[in-house]
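The structure appears right after this line, and notes come after that.
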Amino acid sequence: MTAFNATRRRFLIGSGAVGAGALLSSCVTQSPSSSAGKSGGPVTLQSNLSSPQAKAAMQKIVAAFDKRGDATAQLNTVASETFRTQLPTYLTSANPPDVYTWYPGSVAESYAKKDLLLDLDDIWTKPELSGYTDALKKLCTSSSSGKKVFVPTSYYWWGMFYRKSNFAKWGVKEPKTWDEFLDLCDKLKSKGVDPIGLGAGGDTPWVASAWFDYLDIRINGAGFHRELLAGKHRFDGPEVRKVFDKWDEVRPYFDPNGTAIPFQDATTRLLQGHTGMMLIGTFFADAAPKDALDDLDFFQFPIIDPKVPVAEEAPTDGYFASARTGRGDDVKELLRYLATAEAQELYLKSSSGTTLPTHPDAKDAGTPLVLKGRKLIESAADLTQFFNRDSSDALQPTADTALVHYLSKPKEIGSILTTWQRSAQKIWSQ
């Protein structure tokens with residue numbers, strides 16, 4: 001095990017960093033049809049990786065898999081938000097797609113509980129997955145049945161991204177503290193630049209949750225944050241009110257169009273210099289032109305209270321499969337390939353290369369940006385996933401509604417939080 005993997009393991013499981021909500025805690029069974037062998041047709045791979053670079057990378061992986069043996073795959077790419085809303089329909093249909101891009105955690109848990117995910121225990125004993133860290137093994141395992149239902153292939157980080165050339169042109173530098181961050185915003189605004197892009201409009205209102213997540217883990221800590229999302233604290237409580245008091249300090253610096261345009265358009269505004277920086281995950285780089293990648297950089301979300309252990313958002317991605325597949329052997333052959341260092345490196349080389357592979361022998365892009373991102377995660381005292389990954393997809397719309405409402409009418413924060421708590425309570429009580 002590399003020093004990095006040992007460190008990652010310590011952060012993820014040594015102090016419960018993933019949290020109970022991110023573990024698959026449900027019963028998983030394998031339908032009789034899922035043990036079937038060759039069906040004669042390709043394995044359907046339903047993918048939400050729809051940005052041009054990510055889609056091209058997935059196409060290359062499928063082409064490489066098709067050349068390996070008897071099994072073949074068919075890639076179906078669906079817009080990310082359409083994929084999210086259609087996923088329950090996919091999995092419960094009479095003839096569902098076989099394999100899906102998605103993530104471990106609460107959503108996988110809910111599907112596994114309904115016996116909709118394929119038991120993958122046997123492939124986790126194969127060479128392709130035998131070297132994965134214990135942290136990843138635990139993340140992909142149902143805690144009640146002990147069955148593995150997920151194959152992780154990458155993870156990534158969130159940060160305040162910007163263009164180096166723009167910061168140089170504006171004569172500003174990365175801040176370290178909250179006060180320095182506010183000073184940076186002042187300087188950018190004085191130059192006619194909207195300091196902070198958002199992209200919480202259209203079908204990506206969830207982007208605003210990153211601001212709530214980071215402010216909460218910086219002020220109240222990752223442990224409180226996970227407990228809040230599990231219903232152990234109240235959204236209208238004093239701790240959450242502190243989050244919005246701090247948000248009020250920086251809200252005037254947001255792009256006025258922040259809740260009107262999706263993050264893809266916000267990315268364009270960032271690259272064109274209309275906004276100065278943006279809190280976003282590295283996936284946004286897949287929508288950036290190749291010639292802009294070397295000009296991208298990021299800084300850590302500013303420290304607010306030095307006494308609070310520093311946590312970072314580091315979501316994990318990968319694949320699960322339908323328990324109703326009639327191509328069980330072929331499905332597992334594809335998943336074993338996706339777990340290899342070869343497949344993960346192929347994806348990194350063909351996409352923006354800003355994610356980190358999960359296979360211990362896979363090489364990341366090695367760029368300054370990636371090395372900086374890896375250092376950010378390694379140095380964290382705790383790791384969170386993201387709002388819906390640490391809670392549920394059912395709870396995410398309550399955050400979307402509350403946060404977009406706050407950004408447009410901040411003086412109504414009292415009633416906003418009361419309504420948020422009431423909506424969340426309905427989800428938790430189901």
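Note on ring orientation: taking the six-membered ring where Trp is involved, the planes of Phe181 and Trp178 are tilted (angle from 30° to 60°). Aromatic ring pairs are classed by plane angle as parallel below 30°, tilted from 30° to 60° and perpendicular above 60°; the pair Phe320 and Phe150 is perpendicular. The aromatic rings of Phe386 and Trp158 lie parallel to each other, with less than 30° between the two planes, well short of the 60° mark.
Shown here are the ring-ring contact (aromatic ring centres under 6.0 Å, His included) partners of Tyr319, two or more places apart in sequence or in another chain: there are none. For Arg234, the side-chain hydrogen bond (donor to acceptor under 3.5 Å, both in side chains) test picks out Asp236, with sequence neighbours left out. For Tyr253, there are no ring-ring contact (aromatic ring centres under 6.0 Å, His included) partners, not counting sequence neighbours. His405 is linked by a ring-ring contact (aromatic ring centres under 6.0 Å, His included) to nothing, counting only residues two or more places apart in sequence or in another chain. Partners of Trp420 according to the ring-ring contact (aromatic ring centres under 6.0 Å, His included) rule, which considers only residues two or more places apart in sequence or in another chain, are Phe212, Phe235. Partners of Asp216 according to the side-chain hydrogen bond (donor to acceptor under 3.5 Å, both in side chains) rule, which considers only residues two or more places apart in sequence or in another chain, are Asn220, His225.
From Leu188, atom CG reaches atom CG of Asp183 across 9.5 Å, with rounding to the nearest 0.5 Å. Rounding to the nearest 0.5 angstrom, the gap separating the CD1 atom in Ile123 from the CG atom in Leu335 is 5.0 Å. The OG1 atom of Thr268 lies 9.0 Å from the NE2 atom of His274; values are rounded to the nearest 0.5 Å. Distance OH/Tyr90 to CD/Gln46: 4.5 Å, rounded to 0.5 Å. Rounding to the nearest 0.5 angstrom, the gap separating the CD atom in Glu412 from the OH atom in Tyr406 is 12.5 Å. Atom CG of Leu198 sits about 6.0 Å away from atom CG of Leu407, to the nearest 0.5 Å.
Looking at heavy atoms from C-beta onward, Val331 lies out of side-chain contact with Leu334 at the 4.5 angstrom threshold. Residues Lys246 and Ile219 are in side-chain contact: their nearest non-hydrogen atoms beyond the backbone lie under 4.5 Å apart. Residues Lys372 and Phe298 form a side-chain contact, since some pair of their non-hydrogen atoms from C-beta on lies under 4.5 Å apart. Put simply, the side chain of Lys332 reaches to within 4.5 Å of the side chain of Leu118, judged on heavy atoms. No side-chain heavy atom of Thr401 sits under 4.5 Å from any side-chain heavy atom of Ser423.
A donor atom on one side chain and an acceptor atom on the other are found under 3.5 Å apart for Asp98 and Thr44.
Taking a 6.0 Å sphere around NZ of Lys375, one finds it holds 12 or fewer heavy atoms contributed by other residues, nucleotides or ligands. Counting heavy-atom neighbours within 6.0 Å of Asp203 CG, excluding the residue itself, gives a total above 12.
Ion pairing between Glu81 and Arg84 holds under the 4.0 Å rule for side-chain N and carboxylate O. Between Asp248 and Arg251 there is a salt bridge, since at least one side-chain N of the basic residue sits less than 4.0 Å from a carboxylate O of the acidic one. Between Arg226 and Asp382 there is a salt bridge, since at least one side-chain N of the basic residue sits less than 4.0 Å from a carboxylate O of the acidic one. Salt-bridge check for Arg269 with Asp265: failed, with every basic side-chain N at 4.0 Å or more from each acidic carboxylate O.
Exactly one residue among Trp157, Tyr155, Phe161, Tyr156 makes a ring-ring contact (aromatic ring centres under 6.0 Å, His included) with Phe283. That residue is Tyr156.
Between Gln344 and Pro152, the shortest heavy-atom distance links the atoms NE2-O, 4.1 Å. The two residues Ala365 and Val370 come nearest to each other via the heavy atoms CB-CG2, 4.1 Å. Nearest heavy-atom pair across Lys60 and Leu346 is O-CD2, 3.6 Å.
Taking the centre and axis of the six-membered ring of Tyr103, the NZ or CZ atom of Arg389 falls inside the cone set by 45° and 6.0 Å.
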If you apply the rule side chain to side chain donor-acceptor pair (under 3.5 Å), what do you find for Gln53 with Ser351, and how did you get there? CA-CA 5 Å; Gln53 291 187 48; Ser351 68; 5.9 Å; no
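Two rings, from Trp211 and Phe254, have their centers less than 6.0 Å apart.
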